[in-house]
Amino acid sequence: MERCKCYVGVACVDGSCPIANRDKYEEYDIPVGWDCDECHYYSGCKDCALFGTEYCEMPQADVVEDKVEG
């Protein structure tokens, strides 16, 4: 699955983003990626807030396929 540049998942907005909370994660020796492409919370279109809106940049065929797979 191609990673979406405009992905906005639950962890991106609910305060649990590991990159935004890097200090807290490192305090407990939990490794954190350096950018969103490495995030383990990435779920593709399944939980993206932009899915199905005018801001969704994924080709519609791929989006539908991802929803079916997930």
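As the structure is a computational prediction, the values presented were derived from the model and not from experiment. Quick note: numbers below take in every heavy atom, side chains included, and nothing from hydrogens, waters or symmetry partners.
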Q. Quick one: are P18 and H40 in side-chain contact, heavy atoms under 4.5 Å?
A. yes
Q.
Rounded at 0.5 Å granularity, tell me how far CD1 in I19 sits from SG in C39.
A.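 Those atoms lie 6.0 Å apart.
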Q. With sequence neighbours excluded, what pairs up with L50 under the side-chain contact (heavy atoms from CB on, under 4.5 Å) test?
A. C6, V8, C48, T53, Y55
Q: List in chain and number order the residues that pass side-chain contact (heavy atoms from CB on, under 4.5 Å) with D37, two or more places apart in sequence or in another chain; answer none if no residue qualifies.
A: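 Only R3, D35 meet the side-chain contact (heavy atoms from CB on, under 4.5 Å) criterion with D37.
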**Q.** Hphob cluster co-occupancy, I30 + Y41, side-chain heavy atoms under 4.5 angstrom
**A.**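 Yes.
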Q: Name all pairs fulfilling the ring pair (Phe, Tyr, Trp, His ring centres under 6.0 Å) condition that reach into residues 5-31, sequence neighbours left out, sorted by first residue then second.
A: Y7-Y42
